[in-house]
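Remarks on the structure that follows.
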Amino acid sequence: MGSINSVEVHPREIMREALKVNGAAVILVHNHLSGMAEPSRADRHITHKVSAACTLLNIRLLDQLVIGQSEYISFAERGWL
């Protein structure tokens, strides 16, 4: 849930959903309405926080994908995970 230019993400909410289904791994995906797939500083920051939460719960963070209009960016492919 968010506004026209931002969304508040809580790692605990992501972890809650993974734990509900006894998940061993997660892949994060979100889109940029601007059409530009390049991850923002905020994208990298929240991914780092989610990664830390995953580590504590022994859940693998496989990737974070940012979807643009005609491309996507994979954090795993860039070596950021």
Side-chain angles (χ1 to χ4, degrees):
M1 192 75 98
S3 66
I4 193 163
N5 64 352
S6 69
V7 173
E8 195 168 333
V9 178
H10 298 284
R12 69 179 173 271
E13 299 297 328
I14 295 167
M15 294 299 94
R16 179 181 297 135
E17 293 302 314
L19 291 169
K20 272 189 206 177
V21 296
N22 201 27
V26 295
I27 297 173
L28 306 175
V29 180
H30 77 277
N31 67 315
H32 281 178
L33 295 177
S34 68
M36 304 291 291
E38 191 61 37
S40 67
R41 184 181 316 204
D43 293 336
R44 292 187 70 176
H45 178 72
I46 192 61
T47 302
H48 176 73
K49 288 175 71 172
V50 171
S51 179
C54 285
T55 299
L56 287 173
L57 296 171
N58 200 28
I59 295 174
R60 293 180 55 214
L61 176 56
L62 300 177
D63 208 347
Q64 157 71 299
L65 301 172
V66 182
I67 311 298
Q69 185 170 355
S70 60
E71 65 177 342
Y72 73 92
I73 301 296
S74 162
F75 279 47
E77 286 178 3
R78 289 195 172 184
W80 292 350
L81 296 177

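Just the heavy atoms: all of them, side chains too, but no hydrogens, waters or symmetry mates, feed the values below.
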**Report entry** Steps toward side chain to side chain contact (heavy atoms under 4.5 Å, CB included) verdict (His30, Gln64)
**Finding:** CA-CA 8 Å; His30 77 277; Gln64 157 71 299; 3.7 Å; yes

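Taking 4.5 Å as the limit, some side-chain heavy atom of Arg78 sits within range of a side-chain heavy atom of Pro39. Residues Glu38 and Val66 have side chains not in contact (no heavy-atom distance under 4.5 Å, counting atoms from C-beta outward).
Transitive grouping of hydrophobic side chains (ILVMFWY, heavy atoms separated by less than 4.5 Å) keeps Leu65 and Val26 in distinct clusters. A continuous path of Ile, Leu, Val, Met, Phe, Trp and Tyr side chains, each step under 4.5 Å between heavy atoms, connects Tyr72 with Ile27, placing both in one hydrophobic cluster. Hydrophobic cluster membership differs between Ile67 and Ile14, with clusters built from Ile, Leu, Val, Met, Phe, Trp and Tyr side chains linked at under 4.5 angstrom.
Between the CH2 atom of Trp80 and the CG atom of Asp43 there is a distance of 9.0 Å, given to the nearest 0.5 Å. Taken to the nearest 0.5 Å, the NE2 atom of His10 stands 8.5 Å off from the CD1 atom of Ile46. Interatomic distance, NE2 of His32 versus CD of Gln69, reported as 14.0 Å (0.5 Å rounding).
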Residues 53-63 side chain polar contacts: donor-acceptor under 3.5 Å, at least two apart:
| from | atom 1 | to | atom 2 | distance (Å) |
| --- | --- | --- | --- | --- |
| Thr55 | OG1 | Ser51 | O | 3.0 |
| Asp63 | OD1 | Ser74 | OG | 3.1 |
| Asp63 | OD1 | Phe75 | N | 3.1 |
| Asp63 | OD1 | Ala76 | N | 2.9 |
| Asp63 | OD2 | Ser74 | OG | 2.7 |

